[in-house]
K.L.:
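Before anything else, here's the structure in question.
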Amino acid sequence: MVETLGGAFGAFDAEPVGRAKDFHWGLDFSVAETAVLLTGYHEAEFQFNVEPTVNTAEYLSLVVPRRGGMGVTYGARKAEAGQGKLLLYNNFEPDSVLMHGQGNVIDELLINWPVILQTIGQTFEMPFSGSLDLLPELDLSTPAGRTIGNLTETIISGMRDNGPLLQSPIAMAHMTQALADLVVRMVPHRLSHFLEKGTALIAPKHVRRAIEFMQANIDQPITMPKVAEAAGVSSRALETGFRAFKGTSPAAYLLTLRLRAARRDLLDPECRETMKAICLKWGFFHFGRFSAVYKATYGEYPSDTRKRMGRR
């Protein structure tokens, strides 16, 4: 088990909890472009730790216990999946994982982390990196729990045994995107206060004028004083307006617009421009910095995006 899972998830070590005369286990995989379904089963309790490597894919795991349970620890904190509870965690964060219950059977739906990051960018219109601090336990008796749980079950059943979702990549992409959107909007995390305080707030005219100017000149050298001048306010007023209504600085907002434009080109199968041409086109003059901020925003390097689209 250690050898098999270490090859897939990083530096992996595990040990039984208590005495186990025989250790029987199994794991089934169903793989799509945006998600992976794992179904694991074992007869004895065990605990394991995973240390991600540079080649380990980052994902959001939604754990659905069928028999037994699963818990994760983050230092002194613990979170548990069990009867009536869904467990959510980013695989780069837990210190250890415990599988418990005799004859344990667990489904795990792994959503590619770039899908989550893209949803965050579209929802909050700001660059994001670091831990999302997502609430790890979701009560399935609550409205949010039922909604997310039902969609998770639908995706699982559609992937299992080479199911219909694996035959329809477009439907699979739409459903994983919908699930990511529900998680970002319904499960508490470190950005939730932006949802609570003001999706209905309409930005003032000078902020809207600034955004229009940015969008119209996104491929030109733009300084924040120029943006403030176009918006008809001082640089300080521009900064205050963006912080209050967009939760970020004007410069960071412009960076997000440029990153999105570059990503659209990288995802476009008809785009034949070189990576260098795309960078220069959208105002990135240092490829190393562009690559780093792109990775922090989308969870993958620009070259990885191109490879996924089957192009060099």
Side-chain angles (χ1 to χ4, degrees), residues 9-10 33-36 38 49-54 56-64 70-81 85-97 108-140 142-145 147-149 151-152 155 173 175-199 243 246-249 252-253 255-256 259-260 263 292-301 304-305:
F9 298 110
E33 184 175 336
T34 54
V36 175
L38 305 180
N49 303 282
V50 180
E51 187 66 36
T53 67
V54 292
T56 303
E58 190 172 3
Y59 54 79
L60 173 69
S61 177
L62 295 94
V63 180
V64 183
M70 174 175 168
V72 296
T73 62
Y74 308 82
R77 293 189 304 140
K78 294 184 178 181
E80 181 78 20
K85 281 196 302 185
L86 194 69
L87 177 65
L88 303 93
Y89 70 94
N90 175 296
N91 65 308
F92 277 36
E93 296 179 4
D95 298 314
S96 65
V97 182
E108 274 196 77
L109 181 63
L110 315 182
I111 305 296
N112 292 355
W113 194 247
V115 176
I116 304 297
L117 290 178
Q118 183 177 4
T119 303
I120 292 170
Q122 292 170 343
T123 303
F124 300 101
E125 298 185 330
M126 68 176 71
F128 174 80
S129 61
S131 173
L132 190 56
D133 290 334
L134 195 71
L135 183 73
E137 294 181 357
L138 189 59
D139 187 340
L140 295 175
T142 64
T147 303
I148 293 173
L151 183 53
T152 300
I155 295 174
M175 294 190 74
T176 50
Q177 182 61 63
L179 181 56
D181 189 72
L182 288 174
V183 169
V184 167
R185 292 181 182 276
M186 292 185 168
V187 180
H189 51 76
R190 63 182 279 199
L191 301 179
S192 293
H193 62 284
F194 290 115
L195 293 171
E196 294 167 359
K197 78 172 187 179
T199 54
R243 293 285 183 189
K246 294 298 179 182
T248 190
S249 69
Y253 191 92
L255 176 63
T256 299
L259 283 170
R260 287 182 189 169
R263 185 169 174 82
V293 74
Y294 187 97
K295 171 68 161 60
T297 303
Y298 296 111
E300 61 184 4
Y301 290 107
D304 296 330
T305 304

K.L.:
Run Thr123 and Asp181 through side-chain contact (heavy atoms from CB on, under 4.5 Å) and show every step you take.
P.N.:
CA-CA 8 Å; Thr123 303; Asp181 189 72; 4.2 Å; yes

K.L.:
Rounded at 0.5 Å granularity, tell me how far CD in Glu108 sits from CG in Leu87.
P.N.:
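It comes to 8.0 Å.
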
K.L.:
Indicate yes or no for a side-chain donor-acceptor contact from Arg263 to the backbone of Gln118 under 3.5 Å, with no hydrogens or angles considered.
P.N.:
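Not at all, since once roles are kept as given, no pair shorter than 3.5 Å links the two residues.
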
K.L.:
Hey, could you give me the CG/CZ distance between Leu191 and Arg185, rounded to the nearest 0.5 Å?
P.N.:
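The CG atom of Leu191 sits 12.0 Å away from the CZ atom of Arg185.
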
K.L.:
Can you see which heavy atom on Gly71 is nearest to which on Glu80, and at what distance?
P.N.:
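The answer is CA-OE1, 3.6 Å.
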
K.L.:
If you look at every heavy atom in Pro94 and Tyr89, which pair is closest and at what distance?
P.N.:
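Heavy atoms only, the tightest pair is CG-CD1, 3.5 Å.
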
K.L.:
Who passes salt bridge (charged side-chain N to carboxylate O under 4.0 Å, His left out) against Asp139, sequence neighbours left out?
P.N.:
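Testing Asp139 for salt bridge (charged side-chain N to carboxylate O under 4.0 Å, His left out), a comparison that skips the adjacent residues, returns none.
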
K.L.:
Decide side-chain contact (heavy atoms from CB on, under 4.5 Å) for Tyr298 and Asp304; before the verdict, give the C-alpha distance in whole Å, the side-chain angles of both, and the deciding distance to 0.1 Å.
P.N.:
CA-CA 11 Å; Tyr298 296 111; Asp304 296 330; over 6 Å; no

K.L.:
Which distance, rounded to the nearest 0.5 Å, do you find between the CZ of Arg190 and the CG of Leu135?
P.N.:
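The distance works out to 15.5 Å.
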
K.L.:
For a quick test of reading the model, state the closest non-hydrogen atom pair linking His189 to Val183 and the distance between them.
P.N.:
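Closest pair (atom of His189, atom of Val183, distance): CD2-O, 4.4 Å.
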
K.L.:
Show the nearest heavy-atom pair for residues Ala144 and Leu138, with the distance to one decimal.
P.N.:
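That closest heavy-atom pairing would be O-CD2, 4.3 Å.
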
K.L.:
Is there side-chain contact between Leu132 and Trp113, with heavy atoms separated by less than 4.5 Å?
P.N.:
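In contact.
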
K.L.:
Checking the side chain of Asn91 only, and the main-chain atoms of Ala57 only, is there a donor and an acceptor separated by less than 3.5 Å?
P.N.:
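Yes, because the side chain of Asn91 sits within donor-acceptor range (under 3.5 Å) of the backbone of Ala57.
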
K.L.:
Return the CE to CD1 distance between Met186 and Ile148, rounded to the nearest 0.5 Å.
P.N.:
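Here the rounded value is 6.5 Å.
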
K.L.:
Let me see the working for Thr297 and Leu117 under side-chain contact (heavy atoms from CB on, under 4.5 Å), right down to the final yes or no.
P.N.:
CA-CA 6 Å; Thr297 303; Leu117 290 178; 5.9 Å; no

K.L.:
Decide salt bridge (charged side-chain N to carboxylate O under 4.0 Å, His left out) for Glu93 and Arg77; before the verdict, give the C-alpha distance in whole Å, the side-chain angles of both, and the deciding distance to 0.1 Å.
P.N.:
CA-CA 12 Å; Glu93 296 179 4; Arg77 293 189 304 140; over 6 Å; no

K.L.:
What are the two closest non-hydrogen atoms of Leu86 and Val63, and how far apart are they?
P.N.:
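Taking every non-hydrogen atom into account, CD1-O, 3.2 Å.
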
K.L.:
Within this structure, what is the CE-CG distance for the pair Met175 and Leu151, rounded to the nearest 0.5 Å?
P.N.:
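The CG atom of Leu151 is 5.0 Å from CE of Met175, to the nearest 0.5 Å.
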
K.L.:
Is a side-chain donor or acceptor of Thr176 paired with a backbone partner of Ala173 at a separation under 3.5 angstrom?
P.N.:
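Yes; judged by distance alone, with no hydrogens or angles, the pair exists.
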
K.L.:
Carefully, step by step, assess Ile111 and Thr34 under the rule side-chain contact (heavy atoms from CB on, under 4.5 Å).
P.N.:
CA-CA 6 Å; Ile111 305 296; Thr34 54; over 6 Å; no

K.L.:
Considering residues at least two apart in sequence or located in another chain, which fulfil the salt bridge (charged side-chain N to carboxylate O under 4.0 Å, His left out) criterion with Glu137?
P.N.:
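Partners of Glu137 by the salt bridge (charged side-chain N to carboxylate O under 4.0 Å, His left out) criterion, ordered by chain and then number, come out as Lys85.
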
K.L.:
Considering all heavy atoms of both residues, which atom of Asn49 and which atom of Ser96 are nearest to each other, and what is their separation?
P.N.:
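Heavy atoms only, the tightest pair is OD1-CB, 3.0 Å.
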
K.L.:
Just verifying a value: how many Å separate Leu179 CG and Leu109 CG, rounded to the nearest 0.5 Å?
P.N.:
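Atom-to-atom, Leu179:CG and Leu109:CG are 6.5 Å apart.
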
K.L.:
Taking Asn90 for its side chain and Glu58 for its backbone only, find out whether a donor-acceptor pair lies under 3.5 Å.
P.N.:
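No, Asn90 side chain to Glu58 backbone: no donor-acceptor pair under 3.5 Å.
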
